[in-house]
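One structure is given here, and the rest of the page talks about it.
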Amino acid sequence: MDRCHMLRDIANTRKSFFDQGYLDEQFIQLEELQDNSNPNFVEEVVTLFYRDSARFLYNLDQALEKRPLDFNKLDSLMHQFKGSSSSIGAKKVKIECTNFRAYCNAQNAEGCKRTYQHVKREYTCLKKKLEAYFQDLRQVGPIEMACRPR
C-alpha cells in the first residue's frame, strides 16, 4: 500500500474513533499540542495514561474484593480514573466511569461490579484501537510529508 492510501486509512480510522464515540474533543486538543519539536506527544500522553491506569484498575480490583464494599473509596478511585480518562478524551470509558459512580452513590454492589466490567471492556477496546492507530502512524512516518490534494 502506498503512503497516500495509508494516510487515508489512518485518517478514516481516526474519524471512526469520534464517529463511534470512543474519543471526544479532548483528544483533538492533545493533537493540537503536538508539533515538530515533539512529534509523538499524543502517543506519549496516551502511553502514560495506560501506564498510570493499570494502578487505578489494580486498586479498584482490590477494593471490589473487600467486604463490605467501601463505596466512598470505590467512588474516589473511580473519580481519579475518570479524570485520567477524560484527559485523553476516552469518551466511552468516561461514560462507564460515570455509571459506576452512580452505583457507588446508590450503594449498589451488583451495579458496581457489573459496570466495572463495562469500564474494563471499554478501556481495553480503546487501548487496542489506539495501539494499532499509533503503530500505523509510526509506520507511515511524519505527517508533514503527507500527500496533498490536487
Side-chain angles (χ1 to χ4, degrees), residues 6-144 146:
M6 288 179 70
L7 287 169
R8 202 170 303 122
D9 286 349
I10 290 169
N12 288 335
T13 297
R14 181 189 172 279
K15 183 180 181 311
S16 75
F17 295 156
F18 295 95
D19 293 346
Q20 296 172 16
Y22 286 102
L23 295 174
D24 64 21
E25 60 281 344
Q26 181 61 35
F27 189 82
I28 296 169
Q29 291 178 6
L30 285 177
E31 290 177 322
E32 290 171 351
L33 295 173
Q34 185 165 290
D35 59 20
N36 290 340
S37 67
N38 195 354
N40 300 319
F41 177 75
V42 177
E43 183 176 6
E44 291 169 6
V45 169
V46 170
T47 300
L48 287 172
F49 161 72
Y50 280 109
R51 190 175 306 142
D52 290 346
S53 60
R55 179 177 39 89
F56 288 125
L57 294 174
Y58 174 80
N59 290 339
L60 281 158
D61 284 333
Q62 297 302 305
L64 283 165
E65 292 297 318
K66 294 198 173 127
R67 296 292 178 267
L69 289 180
D70 182 344
F71 291 104
N72 289 328
K73 180 174 183 169
L74 287 167
D75 183 61
S76 176
L77 290 168
M78 190 57 77
H79 177 71
Q80 292 173 50
F81 183 64
K82 179 183 174 187
S84 186
S85 300
S86 295
S87 73
I88 66 157
K91 186 176 180 179
K92 284 188 176 186
V93 175
K94 183 174 68 172
I95 289 168
E96 292 300 337
C97 291
T98 299
N99 294 339
F100 180 93
R101 294 187 71 209
Y103 284 116
C104 284
N105 290 332
Q107 297 195 359
N108 181 331
E110 289 307 310
C112 285
K113 291 175 189 174
R114 185 176 56 252
T115 307
Y116 182 59
Q117 295 308 311
H118 298 181
V119 168
K120 290 196 304 187
R121 184 183 64 232
E122 292 300 341
Y123 166 88
T124 301
C125 182
L126 181 61
K127 182 177 182 181
K128 288 178 184 174
K129 288 178 179 292
L130 287 175
E131 285 173 346
Y133 172 72
F134 289 126
Q135 181 178 351
D136 289 347
L137 281 175
R138 284 190 306 274
Q139 184 177 351
V140 79
I143 298 298
E144 65 268 11

Any side-chain to backbone donor/acceptor pair from [X] onto [Y]? Under 3.5 Å, distance only.
{"X": "S87", "Y": "S84", "answer": "yes"}
{"X": "S86", "Y": "K82", "answer": "yes"}
{"X": "S85", "Y": "F81", "answer": "yes"}

Give me the atom names and distance for the closest heavy-atom approach of [X] to [Y].
{"X": "C97", "Y": "M78", "answer": "SG-SD, 3.4 Å"}
{"X": "T115", "Y": "E96", "answer": "CG2-O, 3.5 Å"}
{"X": "C125", "Y": "Y22", "answer": "SG-OH, 3.5 Å"}
{"X": "L69", "Y": "A109", "answer": "CD1-CB, 3.5 Å"}
{"X": "L74", "Y": "F100", "answer": "O-CE2, 3.9 Å"}
{"X": "L30", "Y": "F41", "answer": "O-CD2, 3.7 Å"}

(request) Would you please indicate yes or no on a ring centroid separation below 6.0 angstrom for Y123 and Y50? (result) yes

Atom [atom1] of [X] and atom [atom2] of [Y]: how far apart are they, to the nearest 0.5 Å?
{"X": "R14", "Y": "D136", "atom1": "CZ", "atom2": "CG", "result": "14.5 Å"}
{"X": "K127", "Y": "T47", "atom1": "NZ", "atom2": "OG1", "result": "9.0 Å"}
{"X": "I10", "Y": "R8", "atom1": "CD1", "atom2": "CZ", "result": "11.5 Å"}
{"X": "L57", "Y": "T124", "atom1": "CG", "atom2": "OG1", "result": "8.0 Å"}
{"X": "N40", "Y": "R138", "atom1": "CG", "atom2": "CZ", "result": "8.0 Å"}
{"X": "E44", "Y": "Q34", "atom1": "CD", "atom2": "CD", "result": "8.5 Å"}

[Y] side chain reached by [X] side chain, heavy atoms, under 4.5 Å:
{"X": "N99", "Y": "V119", "result": "no"}
{"X": "Q62", "Y": "E65", "result": "no"}
{"X": "L130", "Y": "L23", "result": "yes"}

(message) Is it the case that atom NE2 in H118 sees more than 12 heavy atoms from other parts of the structure closer than 6.0 Å?
(response) yes

(message) Is it the case that over 12 heavy atoms from other parts of the model lie below 6.0 angstrom from the NZ atom of K120?
(response) yes

(request) Applying side-chain contact (heavy atoms from CB on, under 4.5 Å), run through K94 and D24 and close with a yes or a no. (result) CA-CA 10 Å; K94 183 174 68 172; D24 64 21; 3.2 Å; yes

(request) Not counting sequence neighbours, list each pair that qualifies as a salt bridge (Lys or Arg N to Asp or Glu O under 4.0 Å) and has a residue in residues 101-119. (result) D75-R101, E110-K113

(message) side-chain contact (heavy atoms from CB on, under 4.5 Å) for F18 and F27? Distances and angles first, verdict last.
(response) CA-CA 10 Å; F18 295 95; F27 189 82; 3.9 Å; yes

(request) Please name all residues satisfying ring pair (Phe, Tyr, Trp, His ring centres under 6.0 Å) with F17, sequence neighbours left out, ordered by chain then number. (result) Y133

